[in-house]
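Quick notes on the structure that follows.
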There are 2 protein chains.
Amino acid sequence: MADHMVVRLTACFFWMFPLALEAKLTYIAIRLPLKGEQAAPGAPWPLPRTWTKSTTRLMVDPTNFRFASSMTYCDIVTSAFDRYYRILQLEKASSLSGLGQVITSLSVDVSNKTCPGYPDPNMDESYNLTIGTTSRLTSATVWGALRGLETFSQLIYKDEQEQQLFVNKTQIIDQPRFHYRGIMLDTARHFLPMPILLKNLDAMAYNKFNVFHWHIVDDQSFPYESVEFPKLTEKGAYGPKLIYTQENVKHVIDEARLRGIRVIPEFDTPGHTQSWGKAFRSLLTPCWEDGKPGVAKPNFHGAYEIMDPSRDSTFTFMEKFIGEVVKVFPDQYLHLGMDESYPACWKSSPNITSFMKENNISTYVQLMELYVTKVLDIVERTNKSYVIWQDPIEDGTKAKPDTIVEVWRGNSTVPWQHYMTRIASQGYKTILSSCWYLNYISYGQDWRKYYKCEPQNFTGSAEQHSNVIGGEACVWAEYIDGTNILSTLWPRASAVAERLWSSRDVTDVESAKFRLDQQRCRMVKRGIPAKPILDGYCGDYEFGFPESMGIYKQETQEEHPNTSAGSPVWSSSSLTFTLLLILAQKIVRIFYHL
Amino acid sequence: MADHMVVRLTACFFWMFPLALEAKLTYIAIRLPLKGEQAAPGAPWPLPRTWTKSTTRLMVDPTNFRFASSMTYCDIVTSAFDRYYRILQLEKASSLSGLGQVITSLSVDVSNKTCPGYPDPNMDESYNLTIGTTSRLTSATVWGALRGLETFSQLIYKDEQEQQLFVNKTQIIDQPRFHYRGIMLDTARHFLPMPILLKNLDAMAYNKFNVFHWHIVDDQSFPYESVEFPKLTEKGAYGPKLIYTQENVKHVIDEARLRGIRVIPEFDTPGHTQSWGKAFRSLLTPCWEDGKPGVAKPNFHGAYEIMDPSRDSTFTFMEKFIGEVVKVFPDQYLHLGMDESYPACWKSSPNITSFMKENNISTYVQLMELYVTKVLDIVERTNKSYVIWQDPIEDGTKAKPDTIVEVWRGNSTVPWQHYMTRIASQGYKTILSSCWYLNYISYGQDWRKYYKCEPQNFTGSAEQHSNVIGGEACVWAEYIDGTNILSTLWPRASAVAERLWSSRDVTDVESAKFRLDQQRCRMVKRGIPAKPILDGYCGDYEFGFPESMGIYKQETQEEHPNTSAGSPVWSSSSLTFTLLLILAQKIVRIFYHL
């Protein structure tokens, strides 16, 4: 019987073997073959705006590869070289063999020689990338260089048969479709430890996201360590270790900066402020029930709720607090929340009623407008700009012309387009997140619905369409913490990344899935636990293998002789994380030497 | 302003402080307070059958604690002592202070002095646990002792204010409601690396599961390394590293055994066998299209599909293969699959038509019955028993009386009860998985629906109800791999664990959530990335903290002087995993010494 089978085996050897090696995604059932166009290895994500491909291959020798630039005085450039050099080392390719052209360096030319402090809302992220006899990445700014380096790293692939790295001759001219491409994390409903936040910045860079919207505090907890008001954290955090110190915050901002990612913190008021009230109860409105203040009425209001707009001290506090925040966070924009301020508590309070009467305020919308206007004025005096959720604008509150309004409402009855039309018609710049609430998990390939959501697909003029400056994937953390944030986000957020970066006509979801699969395996290889989008495999980089520690296994103390970057990318990491990296690397070394 | 606030702070200090320290679960919105009865710290999961509580506390000094038993010749006992000793060390408690009774040891008395080879289908898992002036765990078998040790470890809690470990005086009389309490993992649609499988065995033990149903191969890949037919793996696995060697399989079985977990492998035929066909195509039926064999017809059938029942060689192969499997896997039961064998390919084949005519077979159900009967006969001759999915029994196929039928069908139109009634009425023992397909993720607290599913809630006689011997949580792996398996399973599978272990009347889901939250934080502390069930926190053990490596950080080379167990629990681990553990432990040590 066995002999019989061996003979047959020879016959079917050629039938299945190539598939077994090359395929990564596969069918759910054999009768349901996958649709769409298979992507050749080394397909980039998000898809560049112009991508001229070729089948001519150049060999890549990772150990003898150099990034060259005249801008080695700029840490943004050198740390990127360092990161991408390490990514290049992840593939355990055999040494060069066979004849053929070899690519030994990438020349990175940035026309603006400034080494910028921080990425800004209007940064130029365009780049041109030529892979050929000479290989060159050109860009106007270092931010474009970062995006181009990411693309370059994605073009490189391993030939499974030859066990060697290649990159095809390529010409790419690329720039993002939208300026604002964000990920919102909520660190208040659950605390997210620093290593998770930092890993997420890496994943964002791999997908060319450029804004980390940090929903840092909320009703449930206040992990942001305030310098002016340390009691906010002492009383409002979930626990003494569940906080972001000033050093942690600086660390996040620094690592984000090196990846061309802006950090926009959100301090959401006047609602969502229970945790503020733990240290400073007088900030909140005492709610009334049974003729007494400070009494909860389940299903209607808590004992104290929503900032108290009737007290001057509320705004004195906010002025001081915002004065701190605008110094800690260098970005031009602050997110001020302003969502879901339901008036049940205000309605219950005779104090609020009196205040409204005295000030000739007849509706709770007007009372909200009073609060909103005062806080926006405070921010305006700091010369910062702000993002707010759509709620106050919907209610008619006027904001500064450069305000960004985030559209988050929308459902099958009233789609987000309804809100977008209304808000865009008032002339505000908007960002869309309604269709990208990634905490709403569902079974199967739900990335498809994120991919299909088109931010300019609403009724409006050309100008109103152009007022949509981008969007963001949001992950609210009711059911999310360090255990599942990365696998919940990735690669589902990658679908959002391509929608926001690539041309509007990139809509072939069946073909996109093969590139998305490459991108998810790329992330797994680099140490991000990006979950599968369909049956299949990532080869040597299954999560749970030592190899899946990705770039986190790299030595952080020795210099890489083959990059222009002297200092390792994690040199500014907290000691804790650095040690984790060093030791993780040692673990992996031991595996390699077995 | 700040002064003003500091004064206020004093006033609200007592208002929020205790809550901030003790609460782990919290509200989604302040107006929606959580329902149910808060559990005191140290509440066990699954709930014991009889649990007599007390508020009298004994102090626990983890460093001077001993497990005592006369059965130290039995590795099941000693390795359990070792594991639970290490779990006891996870809480960084300060040394004993204050007056009060101290618990210094747990005496573990097992009446049956046999050290069993492997857990069996009828093992006695009952135990009695008394915590008091003297503390004693008694059980009939070592399996009961394992369950009692887990409960004991869960009763211990840390008082946050005193930073000290306590256990309350307690009397527990416990035994499982159902004999069969399983977790099914699918390692064919995606490969699951060994460290993930091993971690899952730990998580299963923490929830008193006792069967690992290993759906090891399927259409997509054949990772099981066969001794008789190595080509099955060479051609059928996703890749050369994506396999379970004989050593790996033995390792899984050994670690499962030490935790009182049976390993039931599933080799699913005659459908779900594409991967078998990669090496041995003649096992599969050539499907016909356009007058030719071996041609796929999308949406109907593949080119080759479903084992070919018309060839004797199919059964010769199966006999040899099953002969190997029953030697490799020591459990009395094999899972033979037999599900979803759709006849489209058979219908297309003139060879099959001829075969049916020659053998007087008039329907495809009869043809399937021929296949099923022959394979069941093969297994019967090995003196093993089998589990099969419900499909053949539904179609009228007769199986051995000790066959276990797994009920997996059911939806909102035809609920699983319909199938259960039909199958139980034929006298078969059954296990239920229909309501516990945990790969079907959905937003929010879906563990509630798993918790509410009652396996004996169907129309039938008392005897038919008693034929339900348990159930299992299944995780099919279309969208699951090492990146997300553990956070998808846990703590959602814990809901199934309590349903299968605890009394039928344990149905208060609102109160259960507080214990479930403790259980999920317990798992996080022990190194399992169990995802949150609601807003809140686990304190020092958030996943992403070094502390969340749990028991995996422990030294594996030195002996623990305070346990009777000489050999470390991971001594039989693969070298790879052992090294990972040793080095992970070193990482954590460095953190501690900072």
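Hydrogens, waters and symmetry mates play no part in the numbers below; they use all other heavy atoms, side chains included. So that the names make sense, note that chain A is the first sequence line, chain B the second, and so on, each numbered from 1.
- Both the backbone and the side chain of Ile28(A) come within contact range of chain B, judged by heavy atoms closer than 4.5 Å.
- With values rounded to the nearest 0.5 angstrom, Tyr479(B) atom OH is found 5.0 Å from Leu534(A) atom CG.
- Both the backbone and the side chain of Pro298(A) come within contact range of chain B, each with at least one heavy atom under 4.5 Å from a heavy atom of that chain.
- Among the candidates Asp219(A), Val524(A), Asp481(A), Leu32(A), the residue making the largest number of heavy-atom pairs closer than 4.5 Å to chain B is Asp481(A).
- In terms of non-hydrogen atom pairs under 4.5 Å with chain A, the most contact-rich of Ser442(B), Pro33(B), Ser221(B), Gly444(B) is Gly444(B).
- Separating the OG atom in Ser487(A) from the CD1 atom in Ile480(B) is a distance of 8.5 Å, to the nearest 0.5 Å.
- Contacts of Ala188(B) with chain A are absent, with no heavy-atom separation under 4.5 Å from either backbone or side chain.
- In this structure, chain A has no heavy atom under 4.5 Å from any part of Leu486(B).
- Here the side chains of Thr488(A) and Lys531(B) are not in contact, with every heavy-atom distance at 4.5 Å or above.
- Only the side chain of Tyr342(B) comes within less than 4.5 Å of a heavy atom of chain A; its backbone N, CA, C and O stay farther away.
- Of all heavy-atom pairs spanning Tyr27(B) and Gln274(A), the tightest one is OH-CB, 3.4 Å.
- In this structure, the side chains of Pro532(B) and Thr483(A) come closer than 4.5 Å at one or more pairs of heavy atoms.
- For the pair Phe543(B) and Ile196(A), the minimum side-chain heavy-atom distance is 4.5 Å or more.
- Glu478(B) has its side chain within reach of Tyr443(A): a pair of non-hydrogen atoms, C-beta onward, lies under 4.5 Å apart.
- When every heavy atom of Ile30(A) is checked against every heavy atom of Gly302(B), the shortest pair comes out as CG1-CA, 3.8 Å.
- Only the side chain of Glu305(A) comes within less than 4.5 Å of a heavy atom in chain B; its backbone stays farther off.
- In this structure, chain A has heavy atoms under 4.5 Å from both the backbone and the side chain of His190(B).
- Rounding to the nearest 0.5 Å places CG of Asp535(B) at 4.5 Å from CD of Gln220(A).
- Both the backbone and the side chain of Asn439(A) come within contact range of chain B, each with at least one heavy atom under 4.5 Å from a heavy atom of that chain.
- Interface remark: Ile441(B) contributes backbone and side-chain atoms alike to the contact with chain A (heavy atom separation under 4.5 Å).
- Contact detail for Phe191(A) and Glu542(B): the closest heavy-atom pair is O-OE1, 4.2 Å.
- Leu197(A) does not touch chain B: none of its heavy atoms, backbone or side chain, sits under 4.5 Å away.
- Contact count versus chain A (heavy atoms, under 4.5 Å) is highest, among Ser548(B), Ala296(B), Gly536(B), Cys538(B), for Gly536(B).
- The closest side-chain heavy-atom distance from Leu242(A) to Phe545(B) is below 4.5 Å.
- Heavy-atom minimum distance, Lys241(A) versus Glu547(B): NZ-OE2, 3.8 Å.
- No part of Glu340(A) comes within reach of chain B, as not one of its non-hydrogen atoms sits under 4.5 angstrom from that chain.
- For chain B, the nearby part of Phe300(A) is the backbone; its heavy atoms alone come within less than 4.5 Å.
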